[in-house]
Structure formats: C-alpha cells, structure tokens
> 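Structure incoming, see below.
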Amino acid sequence: MHLLLVDGSGYIFRAFHALPQLNRKSDGLPVGCVQGFCNMLFKLTEDLKGEDQPTHMAVIFDAKGKTFRDDFYPEYKAHRPPAPEELVTQFPLTRAATRAFSIPSIEMEGWEADDIIATYACNARQAGYKVTIVSSDKDLMQLVEPDGSIRLLDTIPRPGQPPLRWIGMDEVFTKFGVTPDKVIDVQALCGDSVDNVPGVPGIGVKTAAELINQYGDVENLLAHAHEIKQPARRQKLIDNAEMARISKRLVTLSQDVPVELPLDALARVPMAPEALFPFLKAMEFATITKRLAGLLGADPTLYEADPELAASGRDPRKSADLSVARAKLASPQVPGTGPALHAQEVHAKIRAIPVNYDDYEIVTTPEQLDVWLKRIIDKGHVAIDTETTGLDAQAADLVGICLATEPGNGCYIPVGHSRGAASLLEEGGLVEGQLPIRLVIDALKPLLEDKSILKIGQNTKYEISILARYGITMAPIDDTMLLSYALDGVQYNGLNVLADNWLGHTCIAFSDLAGTGKHQKTFDQLEIAPAARYAAEDADITLRLWHVLKPRLAAENATTLYETLERPLAPVLSRMEQRGISVDRQILSRLSGEFSQRAAAFEAEAHELAGQSFNLGSPKQLGEILFDKMGLEGGTKTKTGAWATGADVLEDLALKGVPLARTIVDWRQLTKLKGTYTDALPAYINARTGRVHTSYSQASVLTGRLSSNDPNLQNIPVRTEDGRKIRSAFVAAPGKILISADYSQIELRVLAHIADIQALKDAFEEGLDIHAMTASEMFNVPVEGMPSDVRRRAKAINFGIIYGISAFGLANQLGIGRGEAGDYIKTYFERFPGIKDYMDEQRRRVKIDGHVTTIFGRKVQFPNANSANPAERSFVERASINAPIQGSAADIIRRAMIRMEPALKQANIDADMLLQVHDELIFEVPLGTETAAMAAIKTVMEGAAEPAVRLSVPIQVDAHAAHNWDEAH
DNA sequence: GCAAGGACGTA
DNA sequence: GTACGTCCTTGCA
C-alpha cells in the first residue's frame, strides 16, 4: 500500500515562483500553473511504477481563512504579500483539475494543507502504508521517516535538474544538519522570515543544528542555556526563550486533524474520460489531452469542453465538490443522464457512419506507411488486427497488418502473401509489390510499444502473441472483446456478432474469401485486393466498436471490472501461452500402446458377453443390445428417445450383475484417455518450441472463469490411476522443476464469506476438515472415528450447495431416495440457516435484475431468468446460486495471476507461470529455487482478494514441487 | 462436410 | 445440482 499526498497549494506557489508559467488560453486566462499541475499529475501516474506506484492518492489544498496558529500568534504569515492576480485565478482551476483526474481534493477550514498532510501521513504509516508527499516544502521535512516509510518528492521543474527528486533522511540532514525528528527544534531556533516565524535572533540553521545536536531539543537547550560559552548567543537564548517555544508550536504540524475522508476513500480509481476531457478541453491543453487519450484508450473528440470552465471568470467549484463527484461514480447511472447519455450519443454517432470499402487503403510503399504512422501519433490510438497463416498464435506466421485511426478509415499492409506453388516441389515465393516484413515491423515497433499510444484490438491476446514472435511487446491495449465481456458477459462474442448487434453491419465472412472445410485457403493464399477489404474492415469495425463500448464502462459501472480483472490479464495469458509446457512424447506413446492393447481385450470381451459384434463407441447400438436384445429392466430414455447408457446407468447395471456393463465402462475410460490425451497431445507439440501451448479463452465462460482449448489443458486426468500416468507426462524442462499451487476449498470459503455462515467461517479459521465438520453438524456424529460414508455424504451436500442443490440431484449423486435427499437438505438449512437466505436472495435478484454479481462486481447475466418454462427457470435459479461462488473464486485467481509476475520480479524470483486450472497455478522454476518460489507464490495467491475485498475467512494455498505435474499436484 | 447428441475428462 | 472442451457416432445435406 502506498499513499501519495500532493501538496497542491505548495505546488502552485512554488511552480509560479520557480519558473513562472505565463501561458494563457485563447481568452487570455492565465493557466500556466494549472498546466504544470496537470503535467505533474500525469507524470506522477506515469513515472511512479512498481514499488513506487501509489495505491491511494489525494491532493491537499490550503483553505481560505485563519488557522489555529493565528489564535496564538496573529503575526504568523502576516508579512506575506497577497498572491498575484494571475495566480489567484488559477487556485480554483487546480482544484477542478484534481477532480478531473478523479483524485480526491481535500481542504479544511482552520487547518493548513501541511497539517492535513501530516495527519494522513501518520495515519497511513501506522496502517503499514508507504507514504510519499509531493512537496519540497521544508516544513514537511519533519515528517520524513528514517526507515523510508515517509518520503518527500520534489516535482517542481527546475532547469538542469532531474524531474523527480526524492527527499529522504539524507537530504533532510543536508538541509537542516539534524535528523527529521529534530527539524522542528532547529526551525524553532532559526525561524522563518517568509512565514514570519520569529525564532531566536542571530541564530541560523547551522548554529541551531549544532545546538540541537548537542542538547537534543529546544526545552533541554533552554534549560541549559546558561552553560553556553559564547556570551552573545547565551544571552539571546535566555532573552528569547518564549519566542523559541512559540516558534516550535508554529512549525510543529498537527497530526490529529479531524479529517472527514478515511484512508480507504483515497484509494485510486481509474481516470474517467467523461470527467477528464471536458476539463482539459476547456483549458485548451492539447498535448496532455493527446497523451492521456492514448493512455486511457479514449477518444477526446467525443467530449465537449466543460462550458462552466470554458467561460473564464466563473468559479468551477460551485458545480462539483468531491462528495458529489464520488457519488456520481458510485451510483447506478440512469439512462439519459451523464455518462449514460454520453454513451448513447456516441453510439448513435458511430452507428450512422457508413462502411465504405473503397475508402480502405492498401499500403505498399514506405511513403504510405509514413502517413499512417503520423496519423497514429497524431491520434494517440490505433485499432490493429493481424492476418496470419492460421489460428494457432504460436505457430501462425504474419501475412498482413491492418490499422484504423478513425471510424471509416482503414488500411491493409500485406507482407506475407505467397504465390501459389506451381508444383509441390517448388516454393511459391512472395507476391510482388509487398513491403518487406522487416521494414514494416521496424516502422511499427516504436508505436506499438509506446505507452502513450493505445492499441485497440478484438482479442488482442492473439495480436500480442503473434507480434511477440516478431520482437514486438505490444502495450498498452484495449480490447473490444473484453469490453463486451465486462459489459454484457458472454451473450455477444466474436467481431461479427458485435458488429451486427451494435453497428447493424454485416462483415465480410472469411469463408466468402477462403472457402470452407479442408480446402479452405489460408490467408497468405488469398489475392491481396479482396483480402485487404476483409482485413481493413476488421480494423475499422473494431475501432467503431471500441467507440461504442468504451463509454459504456463508466455509464454502467464496469470500469473497475474491466480495468482490474480483464484488461491486465490478456498480456499475462499471452505470455503463459507463449511459454507452453513440456510434454514427454515417449511416455504418451508407451501409454497409447498399453491402452490400445487393454482396450482391444475389453472389446473382445464385450463382443463375447453380448453374443455379437458391435461398435462399442456407439451408445445407440449399446442401448439396443442392453435393453432391447438382452431385455434388461430399468432402462431410461434420453430426451431424444435413445436409451441412456451413461456411466451412472452402466455402473448401476454392473452392480446388478451385468458384466457387460462393467466391461463397457472400462473400455470407454481407456479409449477416452487414448483418444483425447495419449494420441492427441503429441500432435500439439510445437515444432519451433518443442512444447505444448494451449490457448486460453478469457471471455467465454459465464462466470468469469477461463477456459482452455487446443488442447484443453484444464481437463488433464487426475482421478484414476491410468489418468495420472498421463499427467506424469507433463514434465519440467531440464534444470527446472514444476510447482503446483492450488487454493484449498476456495469455493466453500467464498460461500462462507458471501453467505456469512459463522459455523463455516469458524471451521476454516480453525483449519478443520470442512466436510467432516459438516457431517458432524448434520448427523450428530463426532469427527473422531467418523465412518467414511458419513463424510462422503456431507461432502456431496457441500458440493450440492455450491451447485444450487435440488433433492433430485442430491438423490442421484448419493444413490438415495428423493425424500431422504430432501431431508438432508432440510437438515442442512436448519444447521446453517444463512445458506437458505443466500440462495433465496440470489433467486430473487436474478428474477429482478436479470443478473447476479460476484464480490468483485462481475455481473453474470441470465436473460432467461423469467422464462415461461419451469425447468429452465429452475436451471437459472441453480446457476444463479452457483455463479457468484464460482465467479468470485475465478476473480480471486485472476487477481493473483495479474499480480504474480510483478510480485515475483520484485522478490527477485525467477518463476514462469505456465498454466491455470481454475483453482490451481502451475509454474516452472530453476531447480533449487522451489522453496523460495513456493513461499512467494503462496503469498500472492492467498492475498489476492485484498485490498479490494477483505474476506472474512482465511484463504489457504497448498503448493508442491516435483519433476512432473502428477507428483507436484 | 457439418451439426447435434452422448459421453466423459477437469474444477 | 454448477462451469467447461473434445472425441466419437449419427443423420442429413
């Protein structure tokens, strides 16, 4: 935690005198200090990174009027000339600037800014924060702490000096000759002519420091004044003892100002374009507008100058104070007002712009490329899409790049279109007239890596991965797919659906150009001209969608979700995918052979038992044999009228003495493992890296979980002996070791927190076996010596609760009657009454709102909550009970993943995060470093909910290291 | 050649 | 009873 306190009044005074900024805006209003102030706020957010990056921030101003110091020394600051008019007019504007940056602006009558700063600084330090005070005011140096927990930062621009100058213990000592805790004693003696602090005449800083270093403080010095050898100095001290005491009171900052906003209220919130740009426009700050537009990913042309500010001479304070601004941010937006109205207007504007394919440009010369580079720099943002030879980001090669800077424009830069090979033996070579790929990459790289230029894409993870292989680390990004996911969940998805829904536009289908099926052409085989229309359209449409979706974040209170759980995760996932994981081909190949033989034996046995040959892989044929030919009782039909032959049915039959059923179950298990894993996985080993690279989908799961595909590495077997053999084929690279770190019972812990179940919370607090505890509560059985079946039942019920329990489902799971299952549920609700309240609340909410919410504010949409179909309604009810639990757990691990890399780097730990399996993270670390790595990983994972949410249950992570995934798990 | 259904791997 | 992705068969184009 890091609190940044900006001495606002101090800044403008010093900036004005250090380097008078006389800039005026077009109507003559002086705004130089405001501009400097805005630049400073911008620089602070830009330059303070890593450990120095503040989590909390406020700007403090002096209030008008007298302070408590005037009560005991009316001459305090009495000699100060009034501030010049061109500075006075900028006071209210700096407060407006602070609000425009979404930073709390604080001033209190009766107190100086310094006192408020001292109060917050001390409170924060006691709460374990690091504190930085942005000021060079010597009066604040008394607050500096020797351990570095409170430091000053001087940002006033001075020619020939670095822009940021830290003031710590050493700097204070240089200035005052004493440690910070004795600064007030030195000031008490030497006084301050500017503030009219009297001090002791004839004593300057050097003498004061010498005396204080000798005597400790003012009181002790005065008590021993008669011992001073120099007669003049002795006399002055004795004569001015009272003045020294008053001076000390004057310079001592109060640390108990009754501040209104608690520390928590100073937590940083993302800047809001709708607050920022109207202000910057009114001030006519073009450069900073452009830079912030890039940083924020917003189009400033969509905002009008704030009319209150644009007309000079008015007091901007009357229109907004902090509490109002905060309330606006926090409360749901009413359609037709504020940000919501803005979003609607932008949507209408963008939707009205026609798509004209003739406006798109094919870039084939360096001059054309230059024009586009200038456009991008000028705009501060660009929509980008890459066309490649395939869908696998780790294997596909770049074929072309499309860019768009305004809705309606767009270009395509072909770099890899190939001539069709005349024969199989002959290389096709590149189509003539394309710019060399190296030239294009080199030209784009500086812009794509420039932190002040926003790169907008649809599924940018793909672009990040592709470009990474050409040496480009693309950042920062905005992603229309993730914007849509943050706003509307999974209901829309791909670019074409979004375009259709928000723009009423149908994009060119890829299949129209390339055909379908196994004869589908890859992008490099397409003619450039039609490919360009398709490609440039994607960039243009992506940019339009961004214009439509981005303003909705603020209007619909989804900014925090997007900024903290979606946007920062994409590059993390890209890196995980790029790393891949090592898989031992030999192990899989050996297992394939083994499974194949054993499956063949089961197949022969099944044919024998059935008395006929049939396809074991056909549920249809199997059902007919079991229930028609053999005439077994108790068969049920699926919804399509076929016999049900699922594992549970066969398991049942096996228990009733049907050996064929057991054989089929065993056969299915083996062929599943063979087909899905041992045969399929080796084909995913990348030729370039020798590793398997999955692809994570960040925006396709209802609850906020990730999903994994091509291959799915989130369902690698673990439950059976044979399955674990497959898992053991996932190995560490030579010299490395794998670490698996998984959250223990995360969903039950989340449930205990959100449903506020004291008994569950207590059990987690005490580290009890949660299922045994549940069983003990429900069945009145002591935990000691509990039969395993009793615990098993309780475990099923706990899981059932998470899944939105029904008597029907629980009965199925436990193989008991509906009535008995109903009794269990009733007992559970009696023992843990909060659970029923939680469930009822979710059921109620989903019907009213159409969504339920995780603890981090993710909305999970259920459009069918009020369906006319009772079965569907019940389904939605169960899902809406499950979603906040599963979703909150998903949000927690997302937060851990986002923080993991910087945290490990800061702890100097070399660990590569490779995989995520919902509640588990897999890392690869150098052999011998696993103990330190596991400790650091656990810390990040266990603290991942904070500070956004303080869970009322402990979060526990178990970590293990081993050479392969099976042993590490 | 493609979509749907069934089955089954994971959390 | 929740949330996924993949493999295989089937049935229709």
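Only heavy atoms go into these numbers, but all of them, side chains included; no hydrogens, no water, no symmetry mates. Only a predicted model underlies this, so the values are computations on that prediction, with no experimental measurement involved. In what follows, chains are A, B, ... by sequence order, proteins preceding strands, each numbered from 1.
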> How about A/Q916 and A/Q714: does a side-chain donor come under 3.5 Å of a side-chain acceptor?
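Result is yes, a qualifying pair exists.
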> Using a heavy-atom cut-off of under 4.0 Å over every strand shown, decide if A/T671 touches base, sugar-phosphate, or nothing.
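Answer is nothing: A/T671 stays at 4.0 Å or more from every strand.
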> Do A/K938 and A/Q956 pair up side chain to side chain, a donor and an acceptor below 3.5 Å, judged on atom types alone?
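No, because no side-chain N or O of A/K938 sits under 3.5 Å from a partner of the opposite role on A/Q956.
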> Which nucleotide sits closest to the side chain of A/S700: C/dG5, C/dT6, B/dA11?
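Out of C/dG5, C/dT6, B/dA11, the nucleotide with an atom closest to A/S700's side chain is C/dG5.
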> Closest to the A/T640 side chain: C/dG5, C/dT2, B/dG5?
B/dG5
> Within the structure shown, what part of the strands sits under 4.0 Å from A/A807 by heavy-atom distance: base, sugar-phosphate, or nothing?
nothing
> Have a look at A/S697 and say if it touches a base, only the backbone sugar-phosphate, or nothing, with a 4.0 Å heavy-atom cut-off.
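No contact.
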> Check A/A393 against A/S465 and note the closest heavy-atom contact, atom names and distance.
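Closest approach of A/A393 to A/S465, heavy atoms only: CB-CB, 3.8 Å.
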> Establish, yes or no, whether the cationic atom of A/R793 lies under 6.0 Å from the six-membered ring centre of A/F779 and within 45° of the ring axis.
yes
> Measure from NZ or CZ of A/K620 to the centre of the six-membered ring of A/W643 and say whether it is under 6.0 Å with the direction within 45° of the ring axis.
no
> Taking the side chain of A/P619 as its heavy atoms from C-beta onward, which of C/dT6, C/dT2, B/dG6 lies nearest to it?
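Taking heavy atoms from C-beta onward, the closest nucleotide is B/dG6.
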> Got a list of protein N/O to nucleotides 11-13 of chain C N/O distances below 3.5 Å?
none

> Show each protein N/O and nucleotides 8-10 of chain B N/O combination with a separation under 3.5 Å, one pair to a line.
{"unit_1": "B/dC8", "atom_1": "OP1", "unit_2": "A/R668", "atom_2": "NH1", "d": "3.2"}
{"unit_1": "B/dC8", "atom_1": "OP2", "unit_2": "A/A647", "atom_2": "N", "d": "2.8"}
{"unit_1": "B/dC8", "atom_1": "O2", "unit_2": "A/K672", "atom_2": "NZ", "d": "3.0"}
{"unit_1": "B/dG9", "atom_1": "N2", "unit_2": "A/N715", "atom_2": "ND2", "d": "3.4"}
{"unit_1": "B/dG9", "atom_1": "N3", "unit_2": "A/N715", "atom_2": "ND2", "d": "3.0"}
{"unit_1": "B/dT10", "atom_1": "OP1", "unit_2": "A/V718", "atom_2": "N", "d": "2.6"}
{"unit_1": "B/dT10", "atom_1": "OP1", "unit_2": "A/R719", "atom_2": "N", "d": "2.7"}

> Please identify each residue that fulfils ring pair (Phe, Tyr, Trp, His ring centres under 6.0 Å) with A/Y828, with sequence neighbours left out.
A/F832
> State whether A/T516 places a side-chain N or O below 4.0 Å from either non-bridging phosphate oxygen (OP1 or OP2) of B/dC2.
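Checking A/T516 against B/dC2: at least one side-chain N or O falls below 4.0 Å of OP1 or OP2.
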> What I want to check is whether the side chains of A/E920 and A/S740 have a donor and an acceptor closer together than 3.5 Å.
yes
> Below 4.0 angstrom, N of the basic side chain to O of the carboxylate: do A/K859 and A/D488 qualify?
no
> Can you pull out the residues from residues 808-820 of chain A that lie within a 4.0 Å heavy-atom distance of DNA chain C?
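Contacting residues: A/F808, A/G809, A/L810, A/Q813.
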> Answer with base, sugar-phosphate or nothing: what part of the nucleic acid does A/T638 contact at a heavy-atom distance below 4.0 Å?
sugar-phosphate
> Any base atoms under 4.0 Å from A/S806, or only sugar-phosphate, or nothing? Heavy atoms, all strands.
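Answer is base: heavy atoms of A/S806 come under 4.0 Å of a base.
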> Quick check on C/dC8: is either OP1 or OP2 less than 4.0 Å from any side-chain nitrogen or oxygen of A/N615?
no
> From A/L670 CG over to A/E594 CD, what is the distance, rounded to the nearest 0.5 angstrom?
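These two atoms lie 8.0 Å from each other.
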> Apply side-chain contact (heavy atoms from CB on, under 4.5 Å) to A/D769 and list each qualifying residue two or more places apart in sequence or on a separate chain.
A/H771, A/A772, A/R791
> Below 4.0 angstrom, which residues in residues 794-805 of chain A have at least one non-hydrogen atom near DNA chain C?
A/A796, A/G800, A/Y803, A/I805
> Are A/D891 and A/T854 linked by a side-chain donor-acceptor pair shorter than 3.5 Å?
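Present: a donor and an acceptor within the cut-off.
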> Does the salt bridge (charged side-chain N to carboxylate O under 4.0 Å, His left out) test come out yes or no for A/E566 and A/R858, once each step is laid out?
CA-CA 11 Å; A/E566 301 298 343; A/R858 180 188 300 280; 2.8 Å; yes
> Let me confirm one number: the CG-CD1 distance from A/L921 to A/I937, rounded to the nearest 0.5 Å.
8.0 Å
> Indicate whether the side chain of A/N864 and that of A/E872 have a donor and an acceptor atom separated by less than 3.5 Å.
yes
